[in-house]
Amino acid sequence: MLRSQEGRSWSFPLQREPAGYFAGTTTAARPGDRYRYLVAGKGEFPDPWSRFNPEGVHGFAAITDPHAFPWTDSDWRGVPLADAIIYELHIGTFTPEGTFAAATDKLIELQQLGITVVELMPLADFPGNRNWGYDGVSWFAPARCYGSPDDLRRFVNTAHQLGIAVLLDAVYNHLGPDGNYFGLYTHQLFTHRHHTPWGDAINFDGPGSAAVRPLVIASAQLWIGDYHFDGLRLDATHAILDDGPRHFLQELTEAVRAAAPGRTVLVIAEDERNEANLLRPRAVGGFGLDGVWADDFHHIVRRKLAGDDEGYYRDYAGSGAELAATLRQGWFYTGQLSANRGHPRGTDPTGVPPERFVICIQNHDQIGNRAFGERLHHQIDLHLWQAASVLLLGAPQTPLLFMGQEWAASTPFRFFTEHNPQLGKAVTEGRRREFGHFRAFADPAVRATIPDPQAIETFRSSQLRWDEREQEPHARCWKLYQELLHWRRHSPGLRAARRGGSFTVVELGEQAWMIDYGSDRVMVTFAAGEIPVSLEGYHIVVSSETVTKTTATGVHFSHPGGVILSMTSHFPLGPK
């Protein structure tokens, strides 16, 4: 059923095609008109394949013209993974306005900081106007609460003009609990053969999967083709289950690259298994992905600095040796027994270049899945935070920053939703209940203080305050990040190491480490004192404000901190 912009309504039948789809053509409709489907014997329902839902996922969809936008990025070729400095952001909380347009205006700030890749949290449309995006139910439609499809195209086009690639966090392991209308049109999308934390798995290998696989691939290719995204971060690939002869991840990776010939298209997995085969080439039996989120680095740093020891942190001691091994290998678990899981975890990543491991000291999960959405620098001394920042940005792996971390933002990032009252109540109760097995929340009265995901203030409190960058201590953190990223982009030793060249990691006691790239050295300590290392031929080009002096035998730190030492002087920002 169609509804014109003038309010006229009409309907016409769709014809069954041999593959089981229904299709129809009309010359009476134009972009901006609304439509939905009349399902025989069931009533009127939304189109789960829609391209834009201005009335929400339960309402009429809008007809769009994906070819009308005036792109100016025909010469854009993307950003190689070796040059990637990833910045993860959530459109709704990145600015006070929470729109694509407002985020577009901030891209120049990210370019000046030194960001080369922006990663947007999921955009597939979801119920309500507030959501992390992992409750998406429209795989082909960007969330209308952030703006129009062309607003999103303008964001990507502007990023390309500034030399910034854009990745999309894509969720193909489950659909949200409200607004999923696929079941009215097909019974093949899910399978009982596999189960995930969200219920029955998406059907990638069972009866009917021959229709499901092209559906998901069409969604992935749409983001690359119609919106010019430079790649995907695939959510929870360990829950994309496929026992068939050709794993779906292999097919998806090849398909999205084919959607943009002549352009670098990156595919990065979030995967908890430490599975090196994801990163190995197809020619040797691997899946051929470009990178994977390697969480061991984050977990060890947090265990060491904040003391977390419950849940998956049980698997880490936070030792200097663990951290050094992770910097050398890319991840720590390479087959050892996991106490948290009760079985061995991980594989040997030997031969995988450092650039393929994406590491962080915070991301949306590691902040937002905490009860109050606290960032790491809210819970540890700022000197320690700056030391950890030097370690992150001095490491050979690919760094990921979470929005606002560059100025040690005061705002939390909390879990927020806007579901219908019945589902919303269940989400609120469920979130508080899931913290019951942690010592700090054993008391029901304490659990009741956990912010309500449905409350508007939970969302608003998570929006960045850009003006605080000019205030201390945020200003000096921001300056430190600018200097670190400037060095990172220009260090020949680091660039060579990221592509598989040599580097060494030296433990300088339990609290200090040095990463040696030859012409450059990164020295970090989580405790005050003198770090004994030869400085002959080197000078400091970047430092945290905690470094007091260099001596004949090393560097003396009055607080935890970090320095970058170099034999060259090609870093105009220089030391503080």
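Nothing fancy with the numbering, it's 1 onward along the sequence.
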Side chain to side chain contact (heavy atoms under 4.5 Å, CB included) assessment of F140 paired with S219: CA-CA 5 Å; F140 297 83; S219 166; 3.8 Å; yes

Go through the steps to decide whether Q454 and T417 satisfy the test side-chain hydrogen bond (donor to acceptor under 3.5 Å, both in side chains), and finish with yes or no. CA-CA 5 Å; Q454 290 283 104; T417 56; 2.6 Å; yes

Would you sort out whether I86 and C360 count as a side chain to side chain contact (heavy atoms under 4.5 Å, CB included), showing the intermediate values? CA-CA 10 Å; I86 304 175; C360 71; over 6 Å; no

Run the side chain to side chain contact (heavy atoms under 4.5 Å, CB included) check on E470 and W478 step by step: do they pass? CA-CA 9 Å; E470 310 300 327; W478 187 32; 3.7 Å; yes

Could you go through L89 and L464, starting from their C-alpha distance and side-chain angles, then the distance that decides it, and tell me whether this counts as side chain to side chain contact (heavy atoms under 4.5 Å, CB included)? CA-CA 10 Å; L89 68 88; L464 292 179; over 6 Å; no

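Between the CD atom of E97 and the CD1 atom of I91 there is a distance of 11.5 Å, given to the nearest 0.5 Å. Atom CZ of residue F526 and atom CG of residue D381 lie 12.0 Å apart, to the nearest 0.5 angstrom. Between atom OG of residue S389 and atom CD1 of residue I361 there is a gap of 4.0 Å, rounded to the nearest 0.5 Å. Taken from CZ in F248 to CG in N173, the straight-line distance is 11.0 Å, to the nearest 0.5 Å. The CD1 atom of I359 sits 7.0 Å away from the CG atom of L391 when rounded to the nearest 0.5 Å. Residue L484 holds its CG atom at 9.0 Å from CG of L392, rounded to the nearest 0.5 Å.
Using modelled atom types, one finds no donor on one side chain facing an acceptor on the other under 3.5 Å when comparing H364 with D169. S138 and N53 share a donor-acceptor pair across their side chains, judged by distance under 3.5 Å alone. H194 and D200 share no donor-acceptor pair across their side chains, judged by distance under 3.5 Å alone. For the residue pair H174/Y134, the side-chain donor-acceptor check at 3.5 Å is not satisfied. Side-chain N/O atoms of D308 and Y316 include no donor and acceptor closer than 3.5 Å. A side-chain donor from one of D135 and H419 sits under 3.5 Å from a side-chain acceptor of the other. Under 3.5 Å, the side chains of E406 and Y87 contain a donor-acceptor pair of N or O atoms. The closest side-chain donor-acceptor pair between S410 and E468 falls under 3.5 angstrom. Inspection of the E355 and T398 side chains reveals no N or O donor paired with an N or O acceptor under 3.5 Å.
A 6.0 Å sphere centred on CD of Q422 holds no more than 12 heavy atoms belonging to other residues, nucleotides or ligands. A 6.0 Å sphere centred on CZ of R273 holds more than 12 heavy atoms belonging to other residues, nucleotides or ligands. Counting non-hydrogen atoms of other residues, nucleotides and ligands closer than 6.0 Å to NE2 of H343 gives a total above 12.
The main-chain N or O of A339 is found under 3.5 Å from a side-chain atom of D315 such that the two form a donor-acceptor pair. The backbone N or O of F100 lies less than 3.5 Å from no partner atom in the side chain of D151, so there is not a single donor-acceptor pair. Put simply, the side chain of H474 gets close to the backbone of W407: a donor and an acceptor are under 3.5 Å apart. No donor-acceptor pair under 3.5 Å is formed between the side chain of R314 and the backbone N or O of R341. Between the side chain of Q336 and the backbone N or O of T334, at least one donor-acceptor pair lies under 3.5 Å. The closest donor-acceptor contact from the side chain of S209 to the backbone of V212 lies at 3.5 Å or more, if one exists at all. In this structure a side-chain-to-backbone donor-acceptor pair under 3.5 Å is present from T347 to A276. Between the T458 side chain and the P453 main chain, no donor and acceptor come within less than 3.5 Å of each other. Judged purely by atom type and a 3.5 angstrom limit, D296 uses its side chain to pair as donor or acceptor with the backbone of F332. Using modelled atom types, one side-chain atom of E418 and one backbone atom of N129 make a donor-acceptor pair closer than 3.5 Å.
With contacts defined as side-chain heavy-atom distances shorter than 4.5 Å, the pair L241/F204 does not qualify. Within the 4.5 Å cutoff, the side chain of R375 has no heavy atoms near those of the W385 side chain. Contact check for V137 versus D178: no side-chain heavy atoms found under the 4.5 Å cut-off. Looking only at side-chain heavy atoms (C-beta outward), W487 and V522 come within less than 4.5 Å of each other. Counting heavy atoms from C-beta on, the side chains of F297 and L327 come closer than 4.5 Å. Looking only at side-chain heavy atoms (C-beta outward), P177 and L423 come within less than 4.5 Å of each other. Here the side chains of H559 and Q386 are not in contact, with every heavy-atom distance at 4.5 Å or above. Counting heavy atoms from C-beta on, the side chains of I564 and V390 come closer than 4.5 Å.
The existence of a salt bridge linking E429 and R433 is excluded, since no basic side-chain nitrogen approaches an acidic carboxylate oxygen closer than 4.0 Å. D467 and R469 are not joined by a salt bridge, as no carboxylate oxygen comes within less than 4.0 angstrom of a charged side-chain nitrogen. Look at E510 and K304 and you find a salt bridge, because one of the NZ, NE, NH1 or NH2 atoms lies within 4.0 Å of a carboxylate O, short of that distance. A salt bridge links R439 with D309: at least one charged nitrogen is closer than 4.0 Å to a carboxylate oxygen.
Looking at every heavy atom in both residues, S462 comes nearest to T93 through O-CB, 3.5 Å. The two residues A143 and F126 come nearest to each other via the heavy atoms CB-CE2, 3.7 Å. Minimum heavy-atom separation, L305 to I380: O-CG2, 3.4 Å. Nearest heavy-atom pair, T95 versus K106, reported as atom, atom and distance to 0.1 Å: CG2-CG, 3.9 Å. Between V117 and A84, the shortest heavy-atom contact is CG2-CB, 3.9 Å. In terms of heavy atoms, T191 sits closest to I202 at CG2-O, 4.0 Å.
Using cut-offs of 30° and 60° on the angle between ring planes, the pair F435 and F438 is tilted. Under the 30°/60° scheme for interplanar angles, the aromatic rings of Y313 and H299 are found to stand perpendicular.
Centroid-to-centroid, the aromatic rings of F459 and W132 stay 6.0 Å apart or farther. The aromatic ring centres of Y172 and W139 sit less than 6.0 Å apart. Ring to ring, H58 and Y181 are close: their centroids are under 6.0 angstrom apart.
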